[in-house]
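Inspection log for the structure reproduced underneath, given as structure tokens.
Counting convention: from 1, in listed order, for ligands and their atoms alike. In this chain, residues are counted from 1 in sequence order.
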Amino acid sequence: ETGHVTLDPGFTNTASTTSAITYIDGEAGILRYRGYPIEELAEKSSFLEVAYLLIYGELPAPDQLSAFTDSVRNHTLLDEKFRAFFSAFPRRAHPMAVLSSAVSALSTFYQDSLDPFDPEQVDQSSIRLIAKLPTLAAYAYKTSNGQPLLYPDNSLGYVENFLRMMFGLPTQPYEIDPEIARVLDMLFILHADHEQNCSTSTVRLVGSSQANLFSSVSAGVDALFGPLHGGANQAVLEMLERIHESGDNIDSFVERVKKKEPGVKLMGFGHRVYRNYDPRAAVVKKATGKVLDALGKSDPLLDLAMRLEEVALGDDYFVERKLYPNVDFYTGVIYKAMGFPTNAFTVLFALGRLPGWIAQWRELMNDPSTKIGRPRQVYVGPGERHYVEPSAR
Ligand code: SDX
């Protein structure tokens, strides 16, 4: 209360009231999707199965999963006219900027079936987005390096299809590494939802105006782009590369972080909710070593990251502030090992987060108590005053 304005606690009825989708215990470092621990899903499930779980609330029976998978597989193609969309961008366009524009533009091909309150149309939009986002992502990347766009190959699995469109060429067969496909599927699971993070709150806020799913997801992609959010995985790798190339020793870098030198943060560390190790980071850290071994590669940046973690977790500055590695701290190293360019890392985050955005938007639309998001502010500007003619200023 400020006497005349009742402060609206955040985005009442849009983002931060109740939800049955994701449970996070920030102190204990627990994350569960619809009650299932993230560690179990990462080990035993598949990304499309987790997408089904997040959207429909239950693990699918085998026939439900195959029907869902078939629907996704049969919607991976884009309208042929849409391919021209990508040629409008400069070669250096960041794939995240291309992706958010493409998602919004994609809705123009379906504008007769975007009703947020028609369950069949919402299912159609959900399938179209899950099916086409990998195609859009691959095309955004191909646009940045001038290579031809490959059509999806529906004989492949979800992740395999994406890898082939990302790295394949029409001039030669593309050999999919099953280990990379399996690990990428698991990484998508780890990113699939995370309660009311910045981008999901954005999707809900836009959805609270009854905007369609494509427009809401496009806004979510833009929020995710920021370096404090999904853009952190790219920022972590750039931080590690700077330290490695400069020969800057870790202790002096950590001192600069503690002194809060402008622009010097330990990217990939800290979290708005976790005051403990992000359970996803623990899974990624383990997988990173395995992928490098499987690929017969070593990367000094992994050793550097692990050393940074060790120094930080042994330093009161970080311990007192409960700053631990978050999901983005190791993902850049593993994506690089898989052959992804740095500017595609956040696109991979968006691909993983899509089912969560969809599930949260659907939950909001189905909640009769939802109101349009309209937070208030406490006015601290000048009191009433009257116009002054220019000559008298
Ligand atoms: C994601 O919300 C989600 O769920 C997001 C996400 C998801 O799945 O959607 O988990 C994905 O976005 C993970 C976060 C990725 N971002 C980064 O790694 C960027 C680096 N991290 C920070 O910018 C920061 O930790 C945030 C943005 C994540 C959180 O910011 P806060 O809430 O301001 O951090 P805080 O309140 O916990 O900070 C407490 C103190 C402050 O110092 P003091 O004022 O007390 O002296 O810790 C400091 C902060 O300056 N601090 C850091 C730091 N993070 C916080 N100091 C150095 N390096 C950091 N990374």
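For atom 26 (C) of ligand 1, no protein non-hydrogen atom is found at a distance below 4.0 Å. Taking a distance limit of 4.0 Å, we find that atom 14 (C) of ligand 1 is approached by some protein heavy atom. Distance screen at 4.0 Å: atom 17 (C) of ligand 1 has a protein heavy-atom neighbour inside the cut-off. Taking a distance limit of 4.0 Å, we find that atom 2 (O) of ligand 1 is approached by some protein heavy atom.
Scanning all protein heavy atoms for the shortest distance to atom 6 (C) of ligand 1 gives His271 NE2, 3.7 Å. Among protein heavy atoms, atom 21 (N) of ligand 1 sits closest to Phe269 O, 2.9 Å. Nearest to atom 12 (O) of ligand 1 among the protein's heavy atoms is His229 ND1, 2.9 Å. Of the protein's non-hydrogen atoms, the one nearest atom 37 (O) of ligand 1 is Arg275 NH1, 3.1 Å. For atom 57 (C) of ligand 1, the closest non-hydrogen atom of the protein is Val257 CG1, 3.5 Å. Among protein heavy atoms, the minimum distance from atom 19 (C) of ligand 1 is reached at Met267 CE, 3.6 Å. For atom 23 (O) of ligand 1, the closest non-hydrogen atom of the protein is Lys265 NZ, 3.2 Å. Of all protein heavy atoms, the one closest to atom 36 (O) of ligand 1 is Arg272 NH1, 4.0 Å.
Counting heavy atoms only, Leu266 comes closest to atom 59 (C) of ligand 1 of the residues Asn326, Leu266, Asp193. Considering Lys322, His191, Arg280 only, the shortest heavy-atom separation from atom 8 (O) of ligand 1 involves Arg280. In the candidate list Arg321, Arg353, His194, Arg321 is nearest to atom 47 (O) of ligand 1, counting heavy atoms. For atom 56 (N) of ligand 1, the nearest non-hydrogen atom from the set Ile24, Leu323, Asn197, Leu31 comes from Leu323.
Proximity of Leu228 to ligand 1, defined as any heavy-atom pair under 4.0 Å, is shared by backbone and side chain alike. Neither the backbone nor the side chain of Val236 has any atom closer than 4.0 Å to an atom of ligand 1 (non-hydrogen atoms only). If you look at Lys260 next to ligand 1, the close heavy atoms, those under 4.0 Å, all belong to the side chain.
When each atom of ligand 1 is checked for a heavy atom of Gly270 under 4.0 Å away, the hits are 25 (O), 28 (C). The Ala232 neighbourhood of ligand 1 comprises atoms 15 (C), 16 (N), 17 (C), 18 (O), with distances under 4.0 Å to a heavy atom of that residue.
Note: His194 and His229 fail the aromatic proximity criterion, with ring centroids not under 6.0 Å apart. Ring-centre distance between Phe85 and Phe82: below the 6.0 Å cut-off. In this structure, Tyr324 has its ring center at least 6.0 angstrom away from the ring center of Tyr274. Residues Phe329 and Phe269 place their aromatic rings such that the two centres sit under 6.0 Å apart.
Here the side chain of Ser104 pairs no donor or acceptor atom with the backbone of Ser218 at under 3.5 angstrom. Judged by distance alone, with hydrogens and angles left aside, the side-chain atoms of Thr200 form no donor-acceptor pair with the main-chain N or O of Asn197 at under 3.5 Å.
By the 3.5 Å distance cut-off applied to N or O atoms, Gly268 is counted among the residues near ligand 1.
Arg73 and Asp70 are joined by a salt bridge, as a carboxylate oxygen and a charged side-chain nitrogen come within less than 4.0 angstrom of each other. Using a 4.0 Å cut-off between charged nitrogen and carboxylate oxygen, Asp299 and Lys336 count as a salt-bridge pair. Comment: Arg32 does not engage Asp25 in a salt bridge, judged by the lack of any side-chain N to carboxylate O separation of less than 4.0 angstrom.
Residue Glu175 places its CD atom among 12 or fewer non-hydrogen atoms of other residues, nucleotides or ligands, all under 6.0 Å distant.
Two residues are said to be in side-chain contact when any heavy atoms from C-beta on lie closer than 4.5 Å; Tyr36 and Leu31 fail this criterion.
Note that Arg164 lies outside the cation-pi zone of Phe162, set by a 6.0 Å cut-off to the ring centre and a 45° limit from the axis.
For the side chain to side chain contact (heavy atoms under 4.5 Å, CB included) test with Ser199, the passing option among Val221, Leu224, Asp222, Val217 is Leu224; the others fail.
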